[in-house]
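A note on names: the letters A, B, ... follow the listed sequences, proteins ahead of strands, and every chain is numbered from 1. Quick caveat, the model's predicted, so the values are computed rather than measured.
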Amino acid sequence: MSQYQAVKGTRDIFPEEAAQWKHVEEVVHTLASLYGFSEVRTPVFEYTELFQRGIGATTDIVGKEMFTFLPDPGGRSLTLRPEMTAGVMRAALQRNLLSQAPVHKLYYISELFRKERPQAGRQRQFSQFGAELLGVSSPAAVAEVLTFMMQVFETLGLSGLRLRINTLGDLEDRARYREALRSYFQPYEGELDESSKERLEKNPLRILDSKNPALRDMIAGAPRLFDFVKAEGVREFEAVLRFLADRGIDYDVDHLLVRGLDYYCHTAFEVQSTALGAQDAIGGGGRYDGLAKELGGGKEMPAVGFAVGMERLLIAMEKQGLFATLNPHGPLVYVVVQQSELADHGMQVAFKLRRSGISTEIDLAARSMKAQMREANRIRSGYALFVGQSELESGQYALKNLVTSEQTTLELQAIIEILREPSIREGLKA
RNA sequence: GUGAUUGUAGCUCAGUUGGUUAGAGCGCCAGGUUGUGGCCCUGGAGGUCGGGGGUUCGAGUCCCCUCAUUCACCCCA
């Protein structure tokens, strides 16, 4: 084993797996343009304060999971982005996007960093694709974003998904609810577990998230956030649900769903996959109308977004056998050179084929013909083209179909004509 | 951060109560005559048994430390 290994919580992706990533990324790009979302790319690191203000200083992400560093002594603290929304919002505010047009629909596929203990579906460097719709957060906008996300899953063929959705009300609703929750749990304080006790102080809403079965009954009896949401908020939430129903998107309203990031308000949602282990949240999102103001944007900017964990998506797809048909084919032609003196001529032939748009491979290690043929077979080349003394003299090359074993002898130009036929690949499926 | 788990060739794994030059399958490489693969046959390369320390006449096998993996808690995508 080598002296160096990949850093804890990071991993290498080799060609076979890279093909799976590419497949998923292509679907995301295609559907994004179908839905009118444009790609944004923002820097991998930002000033630390951006995340402290945006995500919330008391959240776990900011509190203990960020990779933070000082670029130089006395400089401003920087942090590797642990999520995308804050950075995208910062970019939008900096560019004053909304003065160019009232609505912006952005999407991304990006790497994020969180200093957590690695686990299945949880790494320290991971990727998300997601969308941010800026300028409106109406029920229609929420539905737009959700529909895009769900169609990606559908197009990829993913099953066993559950969409949970809830409304968190506005800041005021939640403030009142927080107090109600506190006074509900206060008498039980002795029965709460350590982390829940801490949450009682900092963020009582998160007690509702607890997986601790001992607390289940206590949580079930707690007041519901939904009952604190003002009539207008309820009406909007119902409108969102109607949009989903109209599109045939199944959902479960879950009044216990609260999200861990401070900026969410009103509609919040999460998608779970039954194909995953403990880390079963494959995507999530919601409205974050207050984020712009929090970041010093002056006024509120209505916004909705979601993020989907790429690694988790890939794991779920793999478990469901959705990559089985993903068979990358080899080159169309493998140029087999008889002897090393002909290597230059072989390269010349390969070059011509490639210039003609024909994917071509050739041995670069001066190996025996047998080895070259094995190689051609191993990488599933469609044809072998022989370059030998007789070819050099006659200008007629032997072309062998490696599937049917048929072999013909033709001039190079004729071979190029044949191989350029788009249907040539189909004939190899035998 | 807490708990448990695993760590032997490129990959998947065997290695009995500690005992001679550490094994298999797959993969890789080379041959099986003279310019041709896939099957088959033969041969070969490749491991300081995660790292460090200790116990012992002797450790891949026991003990300690360390690093990493995996799973769960936690958190989230």
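- When atom types are taken as modelled, the side chain of A:Arg81 and the backbone of A:Glu46 share no donor-acceptor pair closer than 3.5 angstrom.
- For residues 203-222 of chain A, the set of pairs meeting the ring-ring contact (aromatic ring centres under 6.0 Å, His included) definition, not counting sequence neighbours, is empty.
- Salt bridge annotation for A:Arg124-A:Glu65: absent, with no cationic side-chain nitrogen under 4.0 angstrom from a carboxylate oxygen.
- On the P atoms, B:rG46 is 25 Å away from B:rC39, given to the nearest whole Å.
- Atom CZ of A:Phe269 is separated from atom P of B:rA77 by 10 Å (rounded to the nearest Å).
- For the pair A:Arg81 CZ and B:rC76 C1', the computed distance is 17 Å after rounding to whole Å.
- OP1 and OP2 of B:rC76 both lie 4.0 Å or more from every side-chain N or O belonging to A:Gln279.
- Comparing B:rU36, B:rG38, B:rA72 against the side chain of A:Asn377 picks out B:rG38 as the nearest.
- Separation of the C1' atoms belonging to B:rG19 and B:rG27 is 33 Å when rounded to the nearest angstrom.
- The base of B:rG37 has none of its N or O atoms less than 3.5 Å from a complementary donor or acceptor on the side chain of A:Ser381.
- Taking the P atoms as reference points, B:rC67 lies 10 Å from B:rG1, given to the whole Å.
- The ring-ring contact (aromatic ring centres under 6.0 Å, His included) analysis of residues 274-295 of chain A, with sequence neighbours excluded, yields the pairs A:Tyr263-A:Tyr288.
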Show me the side-chain donor-acceptor pairs of residues 363-371 of chain A shorter than 3.5 Å, one per line, residues at least two apart or across chains.
residue	atom	partner	partner atom	Å
A:Asp363	OD1	A:Ala365	N	3.1
A:Asp363	OD1	A:Arg367	NE	3.3
A:Asp363	OD2	A:Ala366	N	3.0
A:Asp363	OD2	A:Arg367	N	2.6
A:Ser368	OG	A:Ala371	N	3.1

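- Here the separation of B:rU61 from B:rG18, taken at their C1' atoms, is 6 Å to the nearest Å.
- Within 4.0 Å of A:Lys8, counting heavy atoms only, lie sugar-phosphate atoms of the nucleic acid but no base atom.
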Could you write out each protein N or O paired with an N or O of nucleotides 29-32 of chain B at a distance under 3.5 Å?
residue	atom	partner	partner atom	Å
B:rC29	OP1	A:Arg367	NH1	3.1
B:rG32	N7	A:Lys370	NZ	2.7
B:rG32	O6	A:Lys370	NZ	3.3

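- Looking at residues two or more places apart in sequence or on another chain, you find a side-chain hydrogen bond (donor to acceptor under 3.5 Å, both in side chains) between A:Arg287 and A:Ser137, A:Glu236, A:Asp289.
- Within 4.0 Å (heavy atoms only), A:Gln272 reaches no atom of the nucleic acid at all.
- Residue-level contact check: A:Phe126 touches the bases, meaning some heavy atom is under 4.0 Å from a base atom.
- Each of A:Gly284 and A:Pro118 was matched to the nucleotide of RNA chain B holding its nearest heavy atom; the match closer to the 5' end belongs to A:Pro118.
- Between the CG atom of A:Leu257 and the P atom of B:rA77 there is a distance of 10 Å, rounded to whole Å.
- Within the nucleic acid shown, A:Gly130 has no heavy atom closer than 4.0 Å to any nucleic acid atom.
- Summarising the geometry, the separation between CD on A:Gln123 and P on B:rC71 is reported as 10 Å, rounded to the nearest angstrom.
- Of all non-hydrogen atoms in A:Leu168 and A:Leu225, the two that sit nearest each other are CA-CD2, 3.6 Å.
- A:Ala120 comes within contact range of the sugar-phosphate backbone alone, with a heavy-atom separation under 4.0 Å but no base atom that close.
- Contacts classified as ring-ring contact (aromatic ring centres under 6.0 Å, His included) and involving residues 146-165 of chain A (residues at least two apart or in different chains) are given here: A:Tyr35-A:Phe148, A:Phe37-A:Phe148, A:Phe148-A:Phe306.
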Under 3.5 Å between N/O atoms: give me all the protein pairs with nucleotides 1-6 of chain B, atom names plus distance.
residue	atom	partner	partner atom	Å
B:rU2	O4	A:Arg117	NH1	2.4

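- Within the 4.0 angstrom heavy-atom criterion, base atoms lie near A:Ser405.
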Acceptor/donor pairs from residues 14-25 of chain A side chains to any protein atom, 3.5 angstrom cut, sequence neighbours excluded:
residue	atom	partner	partner atom	Å
A:Glu17	OE1	A:Arg11	NH2	2.9
A:Glu17	OE2	A:Arg11	NH2	2.3
A:Gln20	NE2	A:Glu318	OE1	3.4

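- A donor-acceptor contact under 3.5 Å is not formed by the side chain of A:Gln372 with the base of B:rU36.
- B:rU16 and B:rG60: their C1' atoms are spaced 13 Å apart (whole Å).
- The closest donor-acceptor contact from the side chain of A:Arg206 to the backbone of A:Val258 lies at 3.5 Å or more, if one exists at all.
- Comparing the P positions of B:rU2 and B:rG15 gives a spacing of 33 Å, expressed to the nearest Å.
- A:Glu294 meets the side-chain hydrogen bond (donor to acceptor under 3.5 Å, both in side chains) test with A:Arg53; sequence neighbours excluded.
- In this view, A:Thr267 satisfies the side-chain hydrogen bond (donor to acceptor under 3.5 Å, both in side chains) rule with no residue, not counting sequence neighbours.
- Pairs engaging residues 27-39 of chain A under the salt bridge (charged side-chain N to carboxylate O under 4.0 Å, His left out) rule: A:Glu39-A:Arg41 [sequence neighbours left out].
- Using a 4.0 Å heavy-atom criterion, one finds that A:Gly9 contacts the sugar-phosphate atoms exclusively.
- Between A:Arg164 atom CZ and B:rA77 atom C1' there is a gap of 13 Å when expressed in whole angstrom units.
- Rounded to a whole angstrom, the distance from the C1' atom of B:rU5 to that of B:rU69 is 9 Å.
- As rounded to whole Å, 15 Å separates atom P of B:rG27 from atom CD of A:Glu16.
- For the pair A:Ile379 CD1 and B:rG27 P, the interatomic distance rounds to 17 Å; values are reported in whole Å.
- Comparing A:Gln119 and A:Gly285 against RNA chain B, the residue whose closest nucleotide sits nearer the 5' end is A:Gln119.
- Counting only distance, with no hydrogens or angles, the side chain of A:Ser359 and the backbone of A:Leu332 share a donor-acceptor pair below 3.5 Å.
- Remark: the separation of the P atoms in B:rC62 and B:rC73 is 30 Å, to the nearest Å.
- Scanning RNA chain B for stems, defined as runs of 3 or more consecutive Watson-Crick or G-U wobble pairs whose donor-acceptor distances all fall under 3.5 Å, gives the following ranges: B:1-4 with B:70-73, B:10-13 with B:23-26, B:28-32 with B:40-44, B:50-54 with B:62-66.
- Within the nucleic acid shown, A:Ala307 comes within 4.0 Å of sugar-phosphate atoms alone, with no base atom in reach, counting heavy atoms only.
- Between A:Arg380 atom CZ and B:rG38 atom P the separation is 16 Å, expressed in whole Å.
- Contact annotation for A:Leu402: base contact, defined as any heavy-atom pair under 4.0 Å involving a base atom.
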